[in-house]
Amino acid sequence: MATRLPVDKVFSDPLERVSDFKFNEAVAGVFDDMVSRSVPFYGEIQRMLAELSASFATEGSNIYDLGCSTGTTLALLQQALPVKANLYGLDYSEEMLQKGREKLTALNLADKITLMQGDLDAGIEIDNASVVLLVLTLMFVRPLHREKLMRTIHAGMNEDGCLLVVEKVLGDGSLFNRLFIERYYAFKRRMGYSELEISQKREALENILVPYRLQENRNLLLGAGFREVEVFFKWYNFAGFVAVK
């Protein structure tokens with residue numbers, strides 16, 4: 001019998017003041033439920049990430065999940081890779097990393113995946129990488145630092161390696177942007193979130209989550225030196241990109 005996830009109730013009660021969103025202990029404790037109910041086709045996206053990673057991973061190379069949260073993607077990758085590679089997860093939140101360590105231990109993967117604390121805004125080191133993932137992460141990196149981060153990732157990747165990016169994106173114009181957001185909130189209602197939860201989380205993320213338009217993300221990847229960029233997933237205001245060095 002499957003274990004039930006702790007249910008996300010972080011924004012279920014009225015708050016006198018909604019503070020900026022943080023990946024703290026309260027969020028880490030319910031994150032798996034939160035993300036599965038907040039990101040359309042989350043399970044399918046994870047399957048696609050594992051498949052694409054398996055296509056580009058090379059023997060003895062490094063694979064990095066930047067913003068690895070609770071380690072869901074890394075756990076799937078470890079089981080899907082056809083070659084032996086070194087898996088690394090990096091996250092800013094120690095609370096999220098602790099949940100990730102607990103998950104990997106429960107899956108008997110703790111000795112196969114290395115989790116580390118790091119700040120993408122402050123700079124990171126990438127080396128001998130065949131695959132790098134930014135899954136719902138880049139939108140939390142300050143726009144001022146995104147070009148530098150992309151150049152760092154590109155420089156540390158091997159030829160023919162791939163970068164996989166999943167992002168919340170803006171519509172090209174106000175009409176579609178508004179329409180897509182409305183459809184997204186309708187999805188969240190179907191997933192059991194109340195109007196209060198939707199409103200308070202939106203306010204908490206307002207100054208923290210800064211999405212780009214689809215073409216802006218594409219230009220960011222091409223500008224960093226990736227020779228090919230393709231969209232592998234699109235649902236209203238969510239998109240997945242695969243970029244090849």
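Side chains included, hydrogens not; waters and symmetry mates left out as well; all remaining heavy atoms used.
A donor-acceptor pair under 3.5 Å is absent between the side-chain atoms of Thr58 and the main chain of Ser61, judged by distance alone. In this structure a side-chain-to-backbone donor-acceptor pair under 3.5 Å is missing from Arg151 to Gly223. Looking only at distances, a side-chain donor or acceptor of Thr137 sits under 3.5 Å from a matching main-chain atom of Val135. Judged by distance alone, the side chain of Lys245 and the main-chain N or O of His154 form a donor-acceptor pair under 3.5 Å.
The shortest heavy-atom contact between Ala239 and Leu214 is CB-CD1, 4.2 Å. Leu149 and Val141 make their closest contact through CD2-CG2, 4.1 Å (heavy atoms, listed as atom of the first residue, atom of the second, distance). Residues Ala85 and Ile63 share a closest heavy-atom pair of CB-CD1, 3.9 Å. Taking all atoms of both residues into account, the shortest heavy-atom contact from Ala243 to Val229 is CB-CG2, 4.0 Å. For the residue pair Ala75 and Leu104, the shortest heavy atom distance occurs at CB-CD2, 4.2 Å. Across all non-hydrogen atoms, the minimal contact from Leu115 to Gly100 is CD1-C, 3.8 Å.
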Intermediate values then yes/no, side chain to side chain contact (heavy atoms under 4.5 Å, CB included), Leu133 and Leu77: CA-CA 11 Å; Leu133 301 103; Leu77 287 186; 3.7 Å; yes
Residues Leu136, Lys168; criterion side chain to side chain contact (heavy atoms under 4.5 Å, CB included); working and verdict: CA-CA 7 Å; Leu136 304 167; Lys168 199 172 183 180; 5.6 Å; no
Working for side chain to side chain contact (heavy atoms under 4.5 Å, CB included), residues Leu66 and Ile153: CA-CA 10 Å; Leu66 306 178; Ile153 292 171; 3.8 Å; yes
Full working for side chain to side chain contact (heavy atoms under 4.5 Å, CB included) between Asn62 and Tyr88: CA-CA 7 Å; Asn62 297 329; Tyr88 298 96; 3.6 Å; yes
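No side-chain heavy atom of Cys162 sits less than 4.5 Å from a side-chain heavy atom of Phe226. In this structure, Tyr184 and Ser38 have side chains that are in contact, with non-hydrogen atoms separated by less than 4.5 Å. In this structure the side chain of Asn219 never reaches within 4.5 angstrom of the side chain of Tyr212, judged on heavy atoms. Side-chain atoms of Val27 and Lys22, non-hydrogen and from C-beta on, never get closer than 4.5 Å to each other. You'll find the side chain of Asp65 stays beyond 4.5 Å of the side chain of Ile113, heavy atoms only. Using a 4.5 Å heavy-atom threshold, the side chains of Cys68 and Leu97 count as touching. The closest side-chain heavy-atom distance from Leu220 to Leu138 is below 4.5 Å. Counting heavy atoms from C-beta outward, Leu120 and Leu134 have side chains that approach closer than 4.5 Å.
A salt bridge is absent between Asp33 and Lys9; no separation between the charged side-chain nitrogens and carboxylate oxygens falls under 4.0 Å. Using a cutoff of 4.0 Å between basic side-chain nitrogens and carboxylate oxygens, Asp32 and Lys99 are not scored as salt-bridged.
Checking Leu164, Leu49, Leu163 one by one against Val242, the side-chain contact (heavy atoms from CB on, under 4.5 Å) holds for a single residue, Leu164.
Take Glu94 and apply the side chain to side chain donor-acceptor pair (under 3.5 Å) test, not counting sequence neighbours, and it matches Arg101. Take Glu44 and apply the salt bridge (Lys or Arg N to Asp or Glu O under 4.0 Å) test, not counting sequence neighbours, and it matches Arg47.
Under the 4.5 Å side-chain contact rule for hydrophobic residues, Val18 and Leu196 do not share a cluster. Val244 is not connected to Ile126 by any chain of hydrophobic side-chain contacts under 4.5 Å among Ile, Leu, Val, Met, Phe, Trp and Tyr, and they are in different clusters. Hydrophobic clustering (ILVMFWY, side-chain heavy atoms < 4.5 Å, transitive): Leu52 and Leu76 are in distinct clusters. A single hydrophobic cluster is seen to contain both Val231 and Met150, as judged by linkage of ILVMFWY side chains at heavy-atom distances under 4.5 Å, directly or through other members. Phe41 is not connected to Val165 by any chain of hydrophobic side-chain contacts under 4.5 Å among Ile, Leu, Val, Met, Phe, Trp and Tyr, and they are in different clusters.
Remark: Tyr92 OH is loosely packed, at most 12 non-hydrogen atoms of other residues, nucleotides or ligands lying under 6.0 Å away. Shown here is Lys148, whose NZ atom has no more than 12 heavy atoms of other residues, nucleotides or ligands within 6.0 Å. No more than 12 heavy-atom neighbours from other residues, nucleotides or ligands sit within 6.0 angstrom of CD on Glu147. Heavy-atom neighbours of Glu125 CD from other residues, nucleotides or ligands within 6.0 Å: at or below the threshold of 12. In this structure, Glu25 places its CD atom where only 12 or fewer heavy-atom neighbours from other residues, nucleotides or ligands lie under 6.0 Å away.
Checked against the 6.0 Å centroid criterion, the rings of Phe23 and Phe140 qualify as a close aromatic pair.
Here Asp121 contributes atom CG and Leu144 contributes atom CG; the two are 8.5 Å apart, rounded to the nearest 0.5 Å. Atom-to-atom distance recorded for Arg142:CZ and Ile208:CD1 is 10.5 Å, nearest 0.5 angstrom. Atom CZ in Phe241 sits 7.5 Å away from atom CD in Glu167 (nearest 0.5 Å). Between the NZ atom of Lys188 and the CD atom of Glu195 there is a distance of 11.0 Å, given to the nearest 0.5 Å. To the nearest 0.5 Å, the span separating CG on Asn237 from OH on Tyr185 amounts to 8.5 Å. Tyr64 OH to Asn128 CG: the interatomic distance, rounded to the nearest 0.5 Å, is 7.5 Å.
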